[in-house]
Q: 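Submitted below is the structure of interest, expressed as structure tokens.
As the structure is a computational prediction, the values presented were derived from the model and not from experiment. Chain letters run A, B, ... following the sequence lines, proteins first and then strands; every chain starts at 1. Just so you know, these numbers use all the heavy atoms, side chains as well, and skip hydrogens, waters and symmetry mates.
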Amino acid sequence: MNRATLIWTLLFILGGAGLVLNTATRGAGKAYVKQVPVEFVNVSDDPDEPRWVEVTSEAALDYDLAQYPAADRIGWNTYEGAEPRDYAEAMRKNPNQTEYRFSWSRTIGVWVAALFTLFIFSFLYKDNPLYKIAEASVVGVSAAYWMVVAFHDVLVPNLMGKLAPGWVKQWAIPGLENEANYWYIVPLILSALLLWRLAPKGAWIARWPLAFVIGTTAGIRLLGFIHGDFLSQIRNTIVSLYVVTDGAFDWWASGRNLILLVGVISALVYFFFSFEHKGLVGKTARLGIWFLMITFGAAFGYTVMGRIALLAIRLEFLVDDWLWLIDPLGRRAADTAAMIMPLLM
Amino acid sequence: MLDFLKTLDRRWIFLLMGLSVLLPIIFTKTFPEEPTVLAQNVFDEIENLPRGSNVLLAYDYDPASEGELSPMSTSFAYHCAAKGHKLYFMSLWPVGPQMVDDTVEDVIKPKFPDMVYGVDYVNLGYKSGYEGVIKVIITDFRALYTTDAKGTAWDAIPMCRDINSVQDMDLIVNVSAGYAGTKEWVLYAVTPYPDNVKLVAGCTGVQAPLLYPYIPQQLKGLLGAIKGAAEYERLVIDAYGDDLAALNADGTPIVNADGTPKIDGLYTEGQRRMGPQLVAHLLMIALIVVGNIVYVLDRKRGGRR
């Protein structure tokens with residue numbers, strides 16, 4: 001065994017032992033839920049058209065729900081995420097309580113999220129099978145998620161719900177009230193034509209709906225950019241260079257407007273290639289380069305800030321939700337934070 | 001020493017960067033925030049609306065940008081709810097409704113238990129179509145939104161009955177991670193109807209420089225990345241700090257050593273993440289300086305140009 005392998009083996013053993021100890025003694029990485037009962041009452045007299053009202057809803061105030069028999073009631077339990085502090089408090093008051101409980105599924109979720117975060121980070125050391133597993137899982141889960149979203153949030157409400165609202169209301173969108181709109185047969189046909197490219201013959205038919213998509217998108221964007229970017233930005237650049245505030249010359253505002261104007265003109269000159277960049281044009285173009293460089297620097301700085309923020313939330317997740325080393329939201333009982341925090345602080 | 005720095009394994013840099021972010025998180029170090037004009041403008045737009053105004057909260061982001069944007073979402077929702085506005089949540093991103101659900105669970109339900117779904121706030125859910133959605137709902141909400149995210153009919157939701165289009169909103173608050181996001185709201189909602197539609201936004205750092213040209217005519221205020229979020233949090237805490245105290249298990253507020261209420265950690269997320277920002281940025285500056293010194297010394301020694 002070479003030295004690197006030995007070091008990594010020791011690190012894994014120590015890390016694993018630490019995790020086991022942390023979980024066994026402090027409950028770190030555990031997730032809890034709160035049981036919330038849900039109850040609906042059928043307030044309709046017509047057995048063919050039941051009307052279910054949730055007992056805690058605003059609509060329930062219009063009825064005397066106590067008069068309805070058990071046969072007109074249905075209920076079940078849902079589970080909301082709960083803080084470890086609330087679970088500990090509930091257990092302290094009554095060890096036999098069932099309102100708050102440990103959740104295996106959410107705990108596994110926390111551990112999978114934590115381990116996959118570490119798997120992804122491991123790429124910084126070098127490419128490895130754990131990173132590949134995490135990468136492949138992200139791709140697979142994302143693709144599946146997009147398929148489900150595309151069906152339930154796009155096809156069902158935007159196509160099926162328009163063509164057959166009664167049918168969709170029965171199984172997908174209970175509140176759907178609109179009438180059938182048969183103009184939506186046109187996009188249905190265009191969709192079918194788009195899929196034709198998968199057929200062995202006549203793939204060219206898919207170009208028609210594609211042309212429609214490209215044409216409408218180009219039209220919408222062209223108008224948006226001409227109106228919102230081109231014309232509006234010209235208007236926004238027409239600013240006063242002599243700003244008077246409270247009866248006095250405002251140096252700050254005037255200087256800001258002057259920089260804005262000089263920046264826009266010089267940057268535009270840099271992109272003007274009909275003249276050779278010599279003399280006054282060349283000097284203005286060079287000034288434009290400076291403005292562009294400052295802009296790129298600002299963009300780079302902002303990007304760095306964004307990336308560090310993303311790293312921070314992942315590390316915060318690891319030390320807070322998973323390892324319970326910190327507790328900025330006060331979610332845990334004091335005794336679980338007390339074992340390691342004093343050592344760190 | 002020069003040769004050591006020239007051949008330094010980049011993984012040591014990764015480790016240093018990781019520690020520079022991790023240590024401030026563990027020691028929960030925060031620094032004072034001085035709000036800029038842009039953050040103040042965002043705050044004022046929400047603050048100056050009359051109580052009960054209609055505010056459209058468009059959460060156009062997903063978990064990949066949660067670290068930067070969820071502190072803004074939390075503060076936006078709290079500020080609007082504290083002012084008694086009616087909140088219309090929507091999203092142009094498929095995972096956006098889950099971000100809305102998180103905000104409702106973390107902010108609305110615990111802090112404003114009297115707010116009623118459908119009367120004081122509603123989740124309109126996700127609609128596909130990017131800027132196409134904005135182009136439609138800017139003149140007709142019902143053409144796309146026949147129900148809310150739960151499947152309740154539009155006209156069965158009390159707070160939606162009198163809403164016909166986005167122009168009926170008194171303010172749009174957009175939290176944006178990219179396309180479709182703030183730029184599309186500017187181009188397709190504010191620009192065609194500048195007298196009827198007002199927009200403030202919070203965005204990721206990558207987007208912020210591209211959105212500055214729209215301020216102030218097309219975009220009233222902008223929170224750029226986690227720094228903007230921290231500044232806005234400061235303004236909200238200064239205005240509503242007494243109601244944001246962290247509570248003991250018995251419901252009493254936790255008090256700091258100086259007698260001031262300890263602010264609930266949920267409302268200081270942005271400020272907490274500025275600690276890692278400071279240390280990581282100092283490290284980056286140091287690395288850039290060291291890198292350039294090594295480069296110049298190497299050139300003087302006749303190294304590769």
Q: Not counting sequence neighbours, list each pair that qualifies as a ring pair (Phe, Tyr, Trp, His ring centres under 6.0 Å) and has a residue in residues 293-319 of chain A.
A: none
Q: Distance check, rounded to the nearest 0.5 Å: A:Leu176 atom CG versus B:Thr152 atom OG1?
A: 11.5 Å
Q: If we ignore hydrogens and angles and just use 3.5 Å, is the side chain of B:Glu68 paired with the main-chain N or O of A:Leu310 as donor and acceptor?
A: no
Q: What is the minimum heavy-atom distance between A:Gly224 and B:Tyr188, and which atoms define it?
A: CA-CE2, 3.8 Å
Q: Below 4.5 Å, heavy-atom pairs only: which of A:Ser232, A:Pro157, A:Ala150, A:Gly301 has the largest tally toward chain B?
A: A:Ser232
Q: Name the region of A:Val154, side chain, backbone, both or neither, that has any atom closer than 4.5 Å to a heavy atom of chain B.
A: both
Q: With a 4.5 angstrom heavy-atom cut-off, which part of B:Arg272 approaches chain A: side chain, backbone, both or neither?
A: side chain
Q: Would you mind checking which part of A:Tyr145 comes under 4.5 Å of any heavy atom in chain B, side chain (CB onward), backbone (N, CA, C, O), both or neither?
A: side chain
Q: Only pairs of heavy atoms separated by less than 4.5 Å count here; which of B:Tyr267, B:Trp154, B:Tyr179 has the most with chain A?
A: B:Tyr179
Q: Heavy-atom pairs under 4.5 Å with chain A are the metric here; pick the option from B:Val95, B:Asp9, B:Asp148 that has the most.
A: B:Val95
Q: Can you confirm whether more than 12 heavy atoms, excluding those of A:Phe291, are under 6.0 Å from its CZ atom?
A: yes
Q: Please report the interatomic distance CZ(B:Arg10) to CG(A:Leu124), rounded to the nearest 0.5 Å.
A: 8.5 Å
Q: Where do B:Pro209 and A:Ala299 come nearest, in terms of heavy atoms and distance?
A: CG-CA, 3.6 Å
Q: Between B:Gln277 (side chain only) and A:Met305 (backbone N and O only), is there a donor and an acceptor less than 3.5 Å apart?
A: yes
Q: For B:Ala149, which atoms come within 4.5 Å of any heavy atom of chain A: side chain, backbone, both, or neither?
A: neither
Q: Which answer fits B:Lys227, side chain, backbone, both or neither, if we ask what part of it has an atom under 4.5 Å from a heavy atom of chain A?
A: both
Q: So which of A:Val149, A:Asn236, A:Asn181 has the largest heavy-atom pair count under 4.5 angstrom toward chain B?
A: A:Asn236
Q: Which distance, rounded to the nearest 0.5 Å, do you find between the CZ of A:Arg314 and the CD1 of B:Ile25?
A: 11.0 Å
Q: Could you walk me through whether A:Asp153 and B:Ser128 satisfy the side-chain contact (heavy atoms from CB on, under 4.5 Å) test, starting with their C-alpha distance in whole Å, then the side-chain angles of each, then the deciding distance to 0.1 Å, before giving a yes or no?
A: CA-CA 7 Å; A:Asp153 289 344; B:Ser128 64; over 6 Å; no
Q: Where on B:Thr268 is there a heavy atom nearer than 4.5 Å to chain A: the side chain, the backbone, both, or neither?
A: neither
Q: Of the backbone (N, CA, C, O) and the side chain (C-beta and beyond), which part of A:Pro165 lies under 4.5 Å from a heavy atom of chain B, both, or neither?
A: neither
Q: Taking every non-hydrogen pair under 4.5 Å, which of A:Asn178, A:Asp86, A:Asp229 racks up the most with chain B?
A: A:Asp229
Q: Is a side-chain donor or acceptor of B:Arg11 paired with a backbone partner of A:Tyr125 at a separation under 3.5 angstrom?
A: yes
Q: Which atoms of A:Lys162 come close to chain B, meaning under 4.5 Å heavy atom to heavy atom: side chain ones, backbone ones, both, or neither?
A: side chain
Q: Taking atom CD1 of B:Ile26 and atom CG of A:Asp320, what is their separation to the nearest 0.5 Å?
A: 11.0 Å
Q: Once you round to the nearest 0.5 Å, how far does CG of B:Leu210 lie from OG1 of A:Thr295?
A: 10.0 Å
Q: Hey, which of A:Ile173, A:Leu223, A:Ile308 has the most heavy atom pairs under 4.5 Å with chain B?
A: A:Ile308
Q: Is there side-chain contact between A:Gln233 and B:Gln218, with heavy atoms separated by less than 4.5 Å?
A: yes
Q: Quick one: of B:Gly118, B:Pro213, B:Pro158, who has the most non-hydrogen atom pairs under 4.5 Å with chain A?
A: B:Pro213
Q: Measure distances from B:Val206 to the heavy atoms of chain A and classify the residue's part below 4.5 Å as side chain, backbone, both or neither.
A: both
Q: Just so I understand: if I count every heavy-atom pair under 4.5 Å between each of B:Lys262, B:Lys183, B:Glu269 and chain A, which residue has the most?
A: B:Lys183
Q: Tell me whether A:Trp252 at atom CH2 has more than 12 heavy atoms from other residues, nucleotides or ligands lying less than 6.0 Å away.
A: no
Q: For residues 213-221 of chain A, give me every residue with a non-hydrogen atom less than 4.5 Å from any non-hydrogen atom of chain B.
A: A:Ile220, A:Arg221
Q: Measure the spacing between CD of B:Glu105 and CD of A:Glu80 and express it to the nearest 0.5 Å.
A: 5.5 Å
Q: Output the option from B:Glu131, B:Lys127, B:Glu66 having the highest count of non-hydrogen pairs under 4.5 Å with chain A.
A: B:Glu131
Q: Between A:His227 and B:Pro192, which heavy-atom pair has the shortest distance, and what is it?
A: CE1-CA, 4.0 Å
Q: For the interface with chain A, which of B:Thr147, B:Val116, B:Leu187 has the highest count of heavy-atom pairs at distances below 4.5 Å?
A: B:Leu187
Q: Verify the neighbour count for atom OH of B:Tyr117: are there more than 12 heavy atoms of other residues, nucleotides or ligands below 6.0 Å?
A: yes
